[in-house]
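Shown next, in structure tokens, is the structure this report addresses.
Letters A, B, ... mirror the listed sequences (proteins, then strands); counts begin at 1. Side chains are part of it too, since the values below use all heavy atoms of this structure and drop only hydrogens, waters and symmetry mates. Please read all numbers here as calculations on a predicted model, not as lab measurements.
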Amino acid sequence: MQWETVIGLEIHAQLATRSKIFSGASTAYGAAPNTQACAVDLGLPGVLPVLNEGAVRMAVKLGLAIGADIAPRSVFARKNYFYPDLPKGYQISQYELPVVSHGRLEIELEDGQGKTVGITRAHLEEDAGKSLHEDFHGMTGIDLNRAGTPLLEIVSEPDLRSAREAVAYMKKLHSLVRYLGICDGNMQEGSFRCDANVSVRPRGSDTFGTRTEIKNLNSFRFVERAIDYEVERQIDVLEGGGTVVQETRLFDPDQGETRPMRSKEEANDYRYFPDPDLLPLDLDAAFIEKVRATLPELPDEKKQRFMEQYGLSAYDAGVLTASREMADYFEAVAEACQGPAKTAANWVMGELSAALNKDGLDIGDSPVTAEALGGLLRRIHDNTISGKIAKDVFEAMWAGEGDADTVIEAKGLKQITDTGAIEQVIDEVMRDHPQQLEQYRSGKDKLFGFFVGQVMKRTGGKANPAQVNELLKGKL
Amino acid sequence: MSLSRDEVEKIAHLARLAVRPEDLEGYARELSGILAFVEQMDAADTEGVTPMAHPVEASQRLRPDEPDEPDRRDRFQAIAPSVEAGLYLVPRVIE
């Protein structure tokens, strides 16, 4: 039988506020345990939550960026369950009336086709603390610094049809929240994590199969591997005559498999009800318009502009706008280089990205600044050096040997553009290779490349290639 | 609507309340009585009425996003049954 995969993602993005969603405790990452957990976060008796305006703005910002409805009135609800890293015994979330609903995100598939993925809703909620199960004399250690950190849970429609589509969607959303400045996107620190709902059904069927939920996927690669494994597993179960059990599973990256989570008893009976400690959140048009005015240029708009303004291909523009930092870097190089933007694009996507990858650096930490790279490209455009030599100069700049002009000067890499000097080398080459010269003159055109190579070799690659070509043609 | 003994047991478990088996019948009767009392509201026609999220006719006040809570860990942990290395210690939650 032919099977079709159906996937919906729930993504939790930690909002980049300075204080918590319902208290004035700091959200800074990495503080000593429980030093940023105040009475509200601890759920002490008599405390009251007060909603953080920054968190609301950020939720609205995402809603506007995905063309969603912003609820004029949304309501906070209690989601009840017991776990030691949730001191109140309930998580404040939104249930029936979320702040954002009915959005959509355009993703690009591998074949270059576009696809619109529906976003059912995005709601505000608080994060829980952390449980440390290492050995504290058989006890569990609880750090509540994270308790009360604002989260935006972004729930997609079951529109995704493969693990790769799921990853494309997740990457697009990851890029978007960082563009908007509402989440730092740090997946290792858990700022952006994903639960995947996965099911399969016979191709052509219009009803959904039973789904399983894979929890806490914190890298793009894990999302892809976990979903691929889970799809295979479900198909095996069904083809073996069994039925898929609706359950929560965890992905084990070491074994490359998903396993049923040890069931917290009655885990799904959350008994939601409106939180009496919080009044409904009313947002008027003025508030929403004020947030709209703070929207930056979004990835899709930027990509379009890069294609028009710089004459880049859709592919190049897509790569360069994948993150705001990369896009800003490229634009600074394009301006500083005073030459074709395509050269700047090639360098940013080629040499620079390769060097960053190799050293495991983010573009913000590049030892070669955009202005410095622009300065190097300027020396290609004005024929001071060739593109090939420029790569050596770049390496030296990367190693901290100074800007392009300093390196070119110190290493004597300046291109030879003196016609007399090049002609002299050509004469030497012709003299030393009479046989090849004869063959060339008797019609073996291919040998032209041999002569170019010899001239470049003798000049240490510094002769201007265009001039060499032209002079050689005349001489030969 | 009336609650069975089993349902009361389940609700008690969800709320982590210890109820003696001999008390279950009594609770089932009393809780069923409360539900029956509230059920009278089902008679009201609520067609077109927006569900009320809060009895107070007001909307949520927002707080500026500024950290203003000092670290008072020592005071909080002074009343905790068990702490170590800044962590609250609780009975182990995973087997």
Output for pair (His54(B) NE2, Asp277(A) CG), nearest 0.5 Å, gives 7.5 Å
Atom group of Ala37(A) that falls short of 4.5 Å from chain B, counting heavy atoms: backbone
Where does Phe22(A) contact chain B at under 4.5 Å (heavy atoms): side chain, backbone, both or neither? backbone
Short side-chain to backbone donor-acceptor contact, Asp65(B) and Asn52(A), under 3.5 Å: no
State the OG-CD distance between Ser19(A) and Glu66(B), to the nearest 0.5 angstrom. 8.0 Å
Could you walk me through whether Leu281(A) and Leu62(B) satisfy the side-chain contact (heavy atoms from CB on, under 4.5 Å) test, starting with their C-alpha distance in whole Å, then the side-chain angles of each, then the deciding distance to 0.1 Å, before giving a yes or no? CA-CA 9 Å; Leu281(A) 171 63; Leu62(B) 298 176; 4.0 Å; yes
Would you give the length of the straight line joining atom CG of Leu132(A) to atom CD of Glu84(B), rounded to the nearest 0.5 angstrom? 11.5 Å
Check ion pair Lys10(B)-Asp269(A) (N to O, under 4.0 angstrom): yes
Can any side-chain N or O of Glu53(A) pair as donor or acceptor with the backbone N or O of Pro64(B) at less than 3.5 Å? no
The reported gap from CD in Gln36(A) to CZ in Arg73(B) (rounded to nearest 0.5 angstrom) is 11.0 Å
Shorter than 4.5 Å, heavy atoms on both sides: which option in Val56(B), Val83(B), Leu89(B) has the most such pairs with chain A? Leu89(B)
Heavy atoms from other residues, nucleotides or ligands near CD of Glu96(A) exceed 12 (cutoff 6.0 Å): no
Under 4.5 Å from any heavy atom of chain B, what part of Thr27(A) do you find: side chain, backbone, both or neither? neither
So, the part of Leu42(A) with a heavy atom under 4.5 Å from chain B: the answer is side chain
Is it the side chain or the backbone of Leu44(A) that comes within 4.5 Å of chain B heavy atoms, both, or neither? side chain
From CZ (Arg271(A)) to CD1 (Ile11(B)), nearest 0.5 Å: 9.0 Å
Between atom CG of Leu51(A) and atom CZ of Arg61(B), what is the distance when rounded to the nearest 0.5 Å? 10.5 Å
Start with the C-alpha distance between Thr50(B) and Arg73(A), add both sets of side-chain angles, then the distance that settles side chain to side chain donor-acceptor pair (under 3.5 Å), and finish with yes or no. CA-CA 12 Å; Thr50(B) 311; Arg73(A) 164 165 281 206; over 6 Å; no
Within 6.0 Å of CZ in Arg29(B), more than 12 heavy atoms from elsewhere: no
Could you tell me which non-hydrogen atom of Leu87(B) sits nearest to which non-hydrogen atom of Asn34(A), and how far apart they are? CA-ND2, 3.6 Å
When heavy-atom pairs shorter than 4.5 Å are enumerated against chain A, which of Ala85(B), Ser59(B), Pro91(B), Ala53(B) gives the highest number? Ser59(B)
Without swapping roles, check the side chain of Arg72(B) against the backbone of Cys38(A) for a donor-acceptor pair under 3.5 Å. no
Tell me, yes or no, whether the heavy-atom count around Phe287(A) atom CZ, taken from other residues, nucleotides or ligands under 6.0 Å, exceeds 12. yes
Around atom CD of Glu57(B), are there more than 12 heavy atoms of other residues, nucleotides or ligands at under 6.0 Å? no
For Tyr95(A), is the OH atom crowded, meaning more than 12 foreign heavy atoms sit under 6.0 Å from it? no
Among the options Pro84(A), Pro274(A), Gly54(A), pick out the one with the most heavy-atom pairs lying under 4.5 Å from chain B. Pro84(A)
Please flag which part of Val50(A) lies under 4.5 Å from any non-hydrogen atom of chain B: side chain, backbone, both or neither. both
Identify which part of Val40(A) has an atom lying under 4.5 Å from any heavy atom of chain B, answering side chain, backbone, both or neither. neither
